[in-house]
Amino acid sequence: MEDSNKPLTDSEKLRNWLDFSVPRGEYNNIKARLVSECLVSVFTFNNWLYGKCRIPNAGKRDINRVTMEITGTEIFTNSQTGGQSEGVSGLSSGEAI
(Lines give C-alpha, C1' and ligand atoms only; values in the text may rest on other atoms or scores of the structure.)
Protein backbone atom coordinates (compact mmCIF):
# COMPACT_ATOMS: atom_id res chain seq x y z
CA MET A 1 0.00 0.00 0.00
CA GLU A 2 1.36 3.37 -0.97
CA ASP A 3 1.81 6.03 1.73
CA SER A 4 -0.44 8.96 0.85
CA ASN A 5 1.21 11.30 3.38
CA LYS A 6 4.62 11.52 1.73
CA PRO A 7 5.76 15.06 0.89
CA LEU A 8 5.60 16.26 -2.70
CA THR A 9 8.79 16.36 -4.71
CA ASP A 10 9.92 19.66 -6.23
CA SER A 11 8.82 18.55 -9.69
CA GLU A 12 5.37 17.59 -8.35
CA LYS A 13 5.04 21.01 -6.70
CA LEU A 14 5.91 22.73 -9.99
CA ARG A 15 3.55 20.53 -12.05
CA ASN A 16 0.70 21.01 -9.55
CA TRP A 17 1.14 24.78 -9.63
CA LEU A 18 1.17 24.86 -13.44
CA ASP A 19 -1.80 22.49 -13.73
CA PHE A 20 -4.06 23.89 -11.02
CA SER A 21 -3.11 27.58 -10.59
CA VAL A 22 -2.39 28.75 -14.13
CA PRO A 23 -5.31 29.32 -16.52
CA ARG A 24 -5.21 26.83 -19.38
CA GLY A 25 -5.01 29.56 -22.00
CA GLU A 26 -1.90 31.03 -20.34
CA TYR A 27 -0.08 27.73 -19.71
CA ASN A 28 2.35 27.98 -22.65
CA ASN A 29 3.06 31.67 -22.01
CA ILE A 30 3.79 31.06 -18.32
CA LYS A 31 5.97 28.06 -19.12
CA ALA A 32 7.94 30.14 -21.66
CA ARG A 33 8.32 32.90 -19.05
CA LEU A 34 9.63 30.42 -16.47
CA VAL A 35 12.17 29.13 -18.99
CA SER A 36 13.24 32.70 -19.73
CA GLU A 37 13.45 33.76 -16.05
CA CYS A 38 15.47 30.67 -15.07
CA LEU A 39 17.87 31.15 -18.01
CA VAL A 40 17.61 27.49 -19.03
CA SER A 41 16.58 25.67 -22.18
CA VAL A 42 13.10 24.23 -22.65
CA PHE A 43 14.71 20.79 -22.53
CA THR A 44 16.20 21.48 -19.07
CA PHE A 45 12.94 22.97 -17.78
CA ASN A 46 11.03 19.89 -18.95
CA ASN A 47 13.55 17.70 -17.11
CA TRP A 48 12.79 19.72 -13.95
CA LEU A 49 9.05 19.53 -14.60
CA TYR A 50 8.97 15.76 -14.99
CA GLY A 51 11.52 14.91 -12.29
CA LYS A 52 14.37 13.78 -14.52
CA CYS A 53 16.83 16.03 -12.65
CA ARG A 54 16.66 18.21 -9.56
CA ILE A 55 15.79 21.89 -9.61
CA PRO A 56 18.76 23.94 -8.31
CA ASN A 57 18.21 26.58 -5.62
CA ALA A 58 18.74 29.38 -8.15
CA GLY A 59 15.99 27.88 -10.34
CA LYS A 60 13.65 27.60 -7.35
CA ARG A 61 14.31 31.26 -6.51
CA ASP A 62 13.48 32.34 -10.06
CA ILE A 63 10.38 30.14 -10.19
CA ASN A 64 9.19 31.56 -6.85
CA ARG A 65 9.62 35.09 -8.22
CA VAL A 66 7.27 34.29 -11.12
CA THR A 67 4.74 32.40 -8.97
CA MET A 68 4.58 35.28 -6.49
CA GLU A 69 3.84 37.72 -9.31
CA ILE A 70 1.17 35.55 -10.93
CA THR A 71 -0.66 33.90 -8.01
CA GLY A 72 0.85 35.50 -4.91
CA THR A 73 2.23 32.22 -3.54
CA GLU A 74 5.67 30.65 -3.30
CA ILE A 75 5.77 26.98 -4.19
CA PHE A 76 9.27 26.31 -2.85
CA THR A 77 10.35 27.14 0.67
CA ASN A 78 13.85 28.41 1.27
CA SER A 79 15.75 25.61 3.03
CA GLN A 80 18.82 27.77 3.65
CA THR A 81 17.88 30.23 6.38
CA GLY A 82 20.71 32.53 7.35
CA GLY A 83 23.22 30.32 5.59
CA GLN A 84 25.41 30.95 2.64
CA SER A 85 24.24 30.77 -0.91
CA GLU A 86 25.06 27.88 -3.19
CA GLY A 87 28.69 27.85 -4.33
CA VAL A 88 30.10 29.93 -1.46
CA SER A 89 32.60 28.14 0.77
CA GLY A 90 32.89 30.66 3.59
CA LEU A 91 36.65 30.12 3.86
CA SER A 92 39.12 32.79 2.89
CA SER A 93 41.22 31.86 -0.10
CA GLY A 94 44.36 33.66 1.02
CA GLU A 95 45.76 36.85 2.41
CA ALA A 96 44.24 40.20 1.55
CA ILE A 97 46.40 42.45 -0.58
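Numbers here are sequence positions counted from 1.
To the nearest 0.5 Å, atom NZ of residue Lys60 and atom NZ of residue Lys13 are 7.0 Å apart. From Leu8, atom CG reaches atom CH2 of Trp17 across 15.5 Å, with rounding to the nearest 0.5 Å. The line from CZ of Arg15 to CH2 of Trp48 is 15.0 Å long, rounded to the nearest 0.5 Å. How far CD1 of Ile63 is from CD1 of Ile75: 6.0 Å, rounded to the nearest 0.5 Å.
Nearest heavy-atom pair across Phe76 and Asn64 is O-ND2, 2.8 Å.
Residues Leu14 and Phe45 form a side-chain contact, since some pair of their non-hydrogen atoms from C-beta on lies under 4.5 Å apart.
Note on Val66: it does not cluster hydrophobically with Met68, by side-chain heavy-atom contacts below 4.5 Å among ILVMFWY residues.
Note on Asp10 versus Arg54: no salt bridge recorded, every NZ/NE/NH1/NH2 to OD/OE distance being 4.0 Å or above.
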Going by atom type alone, with no hydrogens or angles, which donor-acceptor pairs under 3.5 Å involve a side-chain atom of residues 33-44 and a protein atom two or more places apart or on another chain?
residue	atom	partner	partner atom	Å
Arg33	NH1	Glu69	OE2	3.2
Arg33	NH2	Glu69	OE1	2.8
Arg33	NH2	Glu69	OE2	3.1
Glu37	OE1	Arg65	NH1	3.2
Ser41	OG	Thr44	N	3.1
Ser41	OG	Thr44	OG1	3.1

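A search for side-chain hydrogen bond (donor to acceptor under 3.5 Å, both in side chains) contacts involving Ser11 returns Thr9, not counting sequence neighbours. Partners of Tyr27 by side chain to side chain contact (heavy atoms under 4.5 Å, CB included), not counting sequence neighbours, listed by chain and number: Leu18, Asp19, Arg24, Lys31, Leu49.
Between the Asn47 side chain and the Cys53 main chain, no donor and acceptor come within less than 3.5 Å of each other. No donor-acceptor pair under 3.5 Å is formed between the side chain of Thr71 and the backbone N or O of Ser21.
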